[in-house]
There are 2 protein chains.
Amino acid sequence: MTPPLPAKRPLTTVDIAIFSIRDGRLCVLLVKRPSGKDEPYPGRWALPGGFVDLENDKSLEDCAVRKLREKTGVASPYLEQLGSWGDAKRDPRGWSATHVYLALIAGPEVKPEAGGNAPEADWFPVADSGVAGRLAFDHKDLLAAALARIRAKVEYTSLPVHLVDEPFTLTELQRAYEIVMGRPVNKAAFRKRILDAGIVESTGEFRGGQARPAELFRHARAAERLAYFPRTFSPRP
Amino acid sequence: MTPPLPAKRPLTTVDIAIFSIRDGRLCVLLVKRPSGKDEPYPGRWALPGGFVDLENDKSLEDCAVRKLREKTGVASPYLEQLGSWGDAKRDPRGWSATHVYLALIAGPEVKPEAGGNAPEADWFPVADSGVAGRLAFDHKDLLAAALARIRAKVEYTSLPVHLVDEPFTLTELQRAYEIVMGRPVNKAAFRKRILDAGIVESTGEFRGGQARPAELFRHARAAERLAYFPRTFSPRP
DNA sequence: ACAATAGTGTCTGTGAGACAGTATCCC
DNA sequence: GGGATACTGTCTCACAGACACTATTGT
């Protein structure tokens, strides 16, 4: 006897919370929902994402990478899965489940493309647990979860190295930490922490401003994976 | 114009990695795959789980709670989402996505039920990154991820409080930590860490053996959420 | 008294914070 | 020299580990 496969299956999507630092603020990339009739949440801002395409997506992560590249042109960013959300009500079109990824990219190379039939896209600064406007679906919750994740991890990992462009100075990296953490950190302690972890390596070059030039660093091999520090910054809230 | 919903949708399941301590070892609950014709991996052991039932499951978490209660009778265990896995190949029946949950339960109340038409179920001790036999689907990977998660969290959270029955002594709680960590911890440091965190509270009772009676504790309110300690146990491997 | 387990006091080590001090650029 | 930013030395503090010590039971 052949066991029956479920005829009714959830709508299945992948959404991505893509973060970057713009003008000294942590920002998330949002796209505008299409305004066609019967479209849910027409014109609302939402996390980029869409249905999994069983013909072309080999896996959920493939799907996330593809959508990320479409939106930002970035090929290999920091990407981790955040989790999944699924229930009967979150999409008015029916029972739906979304697999949510979190991506970090370094600044300038990305200009959201609104050309062609691509949806309008823009960077929004995040404050507290989200952005100013209302988002489509339950994306407010997804965004809050993504923010909680990176704000937790910044305390004990090297995660912000993926938010700075190479080469970078330690002061720039420290700024990235501070922007994500929302509070200043001690310079001497910060430098020891980062250098001891071996996640950055000197390029040997220096960048001069109108003061003493700062040593330039790049990601070390070890930066591919997050480094876990033996202690968090303190105090933890 | 109405945008088309995808006609092809992934098979969608929920799987749960349920851990408990049996005979001083960390164990995971596995169920035997049915042996019907056309069943994938007939007779293999697998994590308990199954298709999401769009009619009866209001959400993924509801589905996980239901399956957990069916297998163990435990109503409100520690439950957290581990993540989701989805690709074209992991289930021979087609493109499938599974939402994986991790549960911890305290010992004795649970006897896996093999009666009726419920599948055979049993506890398997885990070593290193999994169990001895081969598992169905990609459940070896899911189990390894679940183990990695709890082994990471035991280093800096109060997670093992969910593996001990109330009331418990601090020595019993320490044993639970040691079983999950796979190494001994210092008694004095352990007690300070736990007591300072406020995750346990004294019952005022004592349990006598053939030596000095030990103070009995229960979970404090704060134990509902995990407590995060300011430092990990050291050394981290 | 002795075995056994519960619980504590004290010292050391490590890494973060505070903060002032030195170093090196441009003007 | 002075302003600006980069970098470091030194002290303190908090908390984990080591380990020996005391405490309280049953036999």
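Proteins get letters first, then strands, A, B, ... in listed order; numbering begins at 1 in each.
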note: E155(B), atom CD; dG17(D), atom P; distance rounded to Å ~ 9 Å
Round to a whole Å and report the spacing from CZ of F229(A) to C1' of dC15(D).
19 Å
Going by side-chain hydrogen bond (donor to acceptor under 3.5 Å, both in side chains), name the residues that satisfy it together with E215(B), two or more places apart in sequence or in a different chain.
S202(B)
Over how many whole Å does the gap from F190(B) atom CZ to dT5(C) atom P extend?
18 Å
Starting at the 5' end of nucleotides 2-11 of chain D, put B wherever the base has a protein heavy atom under 4.0 Å, S where only the sugar-phosphate does, and a dash everywhere else.
-BBBBBBB--
Using a 3.5 Å distance criterion without hydrogens, assess whether the side chain of R207(A) forms a donor-acceptor pair with backbone atoms of P167(A).
yes
Would you tell me if any nitrogen or oxygen in the side chain of R193(B) comes within less than 4.0 Å of OP1 or OP2 on dC15(D)?
no
Which atom pairs, one a donor and one an acceptor, fall under 3.5 Å between side chains of residues 126-135 of chain B and the rest of the protein, sequence neighbours left out?
none

Taking only residues two or more places apart in sequence, or in another chain, which ones meet T203(B) in a side-chain hydrogen bond (donor to acceptor under 3.5 Å, both in side chains)?
none
Using a 4.0 Å heavy-atom cut-off, does G209(B) contact any base of the nucleic acid, only the sugar-phosphate backbone, or nothing at all?
sugar-phosphate
With sequence neighbours left out, the residues meeting side-chain hydrogen bond (donor to acceptor under 3.5 Å, both in side chains) with Y101(B) are Q81(B)
Let me know the distance between CZ of F233(A) and P of dA18(C), rounded to the nearest Å.
12 Å
State which residues pass side-chain hydrogen bond (donor to acceptor under 3.5 Å, both in side chains) with E166(A); sequence neighbours excluded, sorted by chain then number.
none
Nearest-angstrom distance from the residue atom CG of L216(B) to C1' of dT5(C)
14 Å
When rounded to whole Å, the CD to P distance for the pair Q174(A) and dG17(C) reads 10 Å
Nearest whole Å is fine: how far is dA16(D) P from M181(B) CE?
12 Å
